[in-house]
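Notes for the one structure printed next.
No experiment lies behind these values; they were computed from the predicted model shown. Chain A is the first sequence line, chain B the second, and so forth, proteins listed ahead of strands; every chain is numbered from 1.
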Amino acid sequence: MPELPEVENARQVVEKALDRVIASIDDTDEFVCRPHGPGEIDQALKGGRLTAAHRRGKTMWCDTVTADGADGPSLGIHLGMGGRIFVTGPSGDAESLYAGGDPHVGGMPKKADERPDKPEWDRFRMTFDDGGEMRLFDKRRLGRVHLEPDVDALGPDAAEITRDEFRARVGKGVVAIKAKLLDQSVLAGVGNLLADETLWEAKVSPSRPAGEFSVAELDALRTTLRKAARDAIKRGGVHTGEVIPHRAKDETCPRCGAPMERGTVGGRTTWWCSAEQAD
DNA sequence: AACAATGTTCAGTC
DNA sequence: GGACTGAACATTGT
């Protein structure tokens with residue numbers, strides 16, 4: 001699930017956790033919270049508060065203050081391959097639940113495995129002194145929570161990148177354009193689905209070398225990407241993309257009817273229109 | 001059983 | 001050192 005649009009959705013849910021006093025933290029999952037040892041994050045943040053929720057690409061982080069009002073360490077949260085954020089209000093009950101990283105914004109997920117009632121899939125939990133909580137729910141366990149995340153290694157956010165930045169960062173090298181879009185140090189936030197959706201909308205072959213693009217083509221690609229990202233945020237996730245349901249065997253392009261083709265580009269399964277996105 | 005999964009990272013090669 | 005590739009990571013679903 002989580003690409004830029006889902007993470008932005010999750011970030012907005014994390015904002016529901018701001019300015020509430022942290023009573024305790026369960027950071028005992030050593031894989032998710034590495035390299036911190038159990039209790040380390042708890043010790044650093046207990047008694048303090050989260051004061052702001054930021055996002056760049058797929059990485060979120062919160063500013064914090066300690067109990068005495070001094071600046072605390074930032075808290076990084078990454079949803080990995082399938083993580084979600086749940087926050088409950090002061091009552092702590094299900095009625096006050098906010099779900100982030102999920103397509104059904106504000107509603108309860110329908111699939112059993114997406115419901116928040118599998119305690120063994122809770123990988124991190126922050127309990128507030130008002131009775132509510134924030135937790136990372138992640139059945140695949142590839143999410144991350146850690147102190148002081150290094151966001152400088154990320155490129156500009158894919159929904160915000162400027163025209164000049166895009167030209168300079170994306171339009172060079174011999175790697176496939178899709179691999180370039182997926183490189184988080186080039187620009188941050190594009191995942192496998194958003195890449196396929198963007199390239200399909202732009203009628204660009206995913207395997208075409210990035211350095212071959214003209215300035216005009218790069219500008220057009222950037223416009224398409226930002227539109228795809230923002231539309232997905234608005235609609236609740238990348239899965240709302242037009243071509244996404246057609247990423248399957250025996251499917252056809254929803255625009256021209258030609259067969260969809262499957263392959264591997266940038267190490268990821270890739271689908272494209274065999275006619276409009278030919279090399 | 002084998003393989004893929006909306007992500008990241010690290011070892012290895014050119 | 002940079003660019004690039006492929007496997008590994010933990011876990012679940014098909």
Side-chain angles (χ1 to χ4, degrees), chain A residues 1-10 28-35 55-60 76-85 100-104 109 111-115 118-124 136-146 149-151 153-155 158-159 169-200 206-207 209-212 225 228-229 231-233 235-249 262-271:
Chain A
M1 275 177 217
E3 297 188 30
L4 186 155
E6 286 80 7
V7 179
E8 172 55 24
N9 174 240
T28 52
D29 188 314
E30 294 182 47
F31 184 78
V32 169
C33 297
R34 76 192 143 84
R55 179 191 64 76
R56 183 147 158 199
K58 306 170 198 171
T59 296
M60 292 182 276
I77 305 174
H78 197 293
L79 300 179
M81 198 85 122
R84 309 182 57 207
I85 291 289
D102 184 80
H104 314 291
K111 288 188 202 161
D113 63 291
E114 288 179 355
R115 281 203 305 265
K118 279 263 200 183
E120 64 268 38
W121 289 342
D122 286 337
R123 310 299 182 181
F124 177 87
L136 171 65
F137 180 83
D138 177 16
K139 62 182 171 187
R140 259 176 215 156
R141 214 182 172 200
L142 287 173
R144 294 299 155 60
V145 178
H146 59 128
D150 179 19
V151 291
L154 298 169
R169 291 175 160 268
V170 176
K172 63 177 183 191
V174 298
V175 277
I177 188 68
K178 179 174 176 182
K180 209 69 165 174
L181 294 178
L182 289 174
D183 186 336
Q184 304 299 299
S185 68
V186 171
L187 78 172
V190 180
N192 202 29
L193 293 189
L194 186 56
D196 275 7
E197 174 72 17
T198 299
L199 293 168
W200 174 80
S207 51
E212 283 184 7
L225 170 59
D231 283 355
I233 290 171
R235 297 183 197 141
V238 275
H239 67 283
T240 60
E242 215 183 318
V243 81
I244 302 306
H246 301 271
R247 294 174 84 258
K249 200 171 182 302
R262 178 194 201 272
T264 299
V265 182
R268 309 297 303 278
T269 297
T270 302
W271 293 87

Shortest side-chain distance from [X], nucleotide among [options]:
X	options	answer
Glu3(A)	dC4(C), dT11(C), dT6(B)	dT6(B)
Met81(A)	dC4(C), dT6(B), dG7(B)	dG7(B)
Gln184(A)	dA10(C), dT8(B), dT6(B)	dT8(B)
Arg144(A)	dT6(B), dT8(B), dC4(C)	dT8(B)
Trp121(A)	dG13(C), dA5(B), dG7(B)	dG13(C)
Leu142(A)	dT6(B), dA4(B), dC9(C)	dC9(C)
Arg141(A)	dA10(C), dT6(B), dA4(B)	dA10(C)
Lys180(A)	dT6(B), dA5(B), dC4(C)	dC4(C)

If I take atom [atom1] in residue [X] and atom [atom2] in nucleotide [N], what distance separates them, rounded to the nearest angstrom?
X	N	atom1	atom2	value
Leu187(A)	dG7(B)	CG	P	13 Å
Glu120(A)	dT11(C)	CD	C1'	12 Å
Asp122(A)	dT11(C)	CG	C1'	15 Å
Phe137(A)	dA10(C)	CZ	P	20 Å
Met60(A)	dG7(B)	CE	C1'	13 Å
Arg34(A)	dG7(B)	CZ	P	17 Å
Asp196(A)	dT6(B)	CG	P	9 Å
His239(A)	dA5(B)	NE2	P	18 Å

task = Tell me what Gly267(A) touches on the nucleic acid: a base, only sugar-phosphate, or nothing, going by heavy atoms under 4.0 Å.
result =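 Gly267(A): no heavy atom of the nucleic acid under 4.0 Å.
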query = Atom CZ of Arg262(A) and atom NZ of Lys249(A): how far apart are they, to the nearest 0.5 Å?
reply = 10.5 Å
Heavy-atom closest pair, residues Leu194(A) and Gly189(A) = CD2-O, 4.2 Å
request  = State, to 0.1 Å, how close Leu181(A) and Leu199(A) come at their nearest heavy-atom pair, and which atoms those are.
outcome  =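 Heavy atoms only, the tightest pair is CD1-CD2, 4.0 Å.
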key: Side-chain touch Arg235(A)/Asp231(A), heavy atoms, less than 4.5 angstrom   =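 Side-chain contact under 4.5 Å: yes.
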task = Determine whether Leu142(A) and His78(A) make a side-chain contact, defined as any pair of heavy atoms from C-beta on separated by less than 4.5 Å.
result = no
message = Say we look at dC4(C) and dT6(B): how far apart would their C1' atoms be, to the nearest angstrom?
response = 23 Å
ask   = What interatomic distance, in whole Å, is found between C1' of dC3(B) and the corresponding atom of dA7(C)?
value = 15 Å
note = pair_partner(dT5(C)), Watson-Crick or wobble, both distances < 3.5 Å, evaluates to dA11(B)
task = Scan every strand shown for a Watson-Crick or G-U wobble partner of dA4(B), both distances under 3.5 Å, and answer none if you come up empty.
result = dT12(C)
Phosphate oxygens OP1/OP2 of [N]: is one of them under 4.0 Å from a side-chain N or O of [X]?
X	N	value
His78(A)	dT8(B)	yes
Lys139(A)	dA10(C)	no
Arg140(A)	dA10(C)	no

ask   = Hey, is the main chain of Glu197(A) close enough, under 3.5 Å, to the side chain of Glu242(A) for a donor-acceptor pair?
value =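 Not at all, since once roles are kept as given, no pair shorter than 3.5 Å links the two residues.
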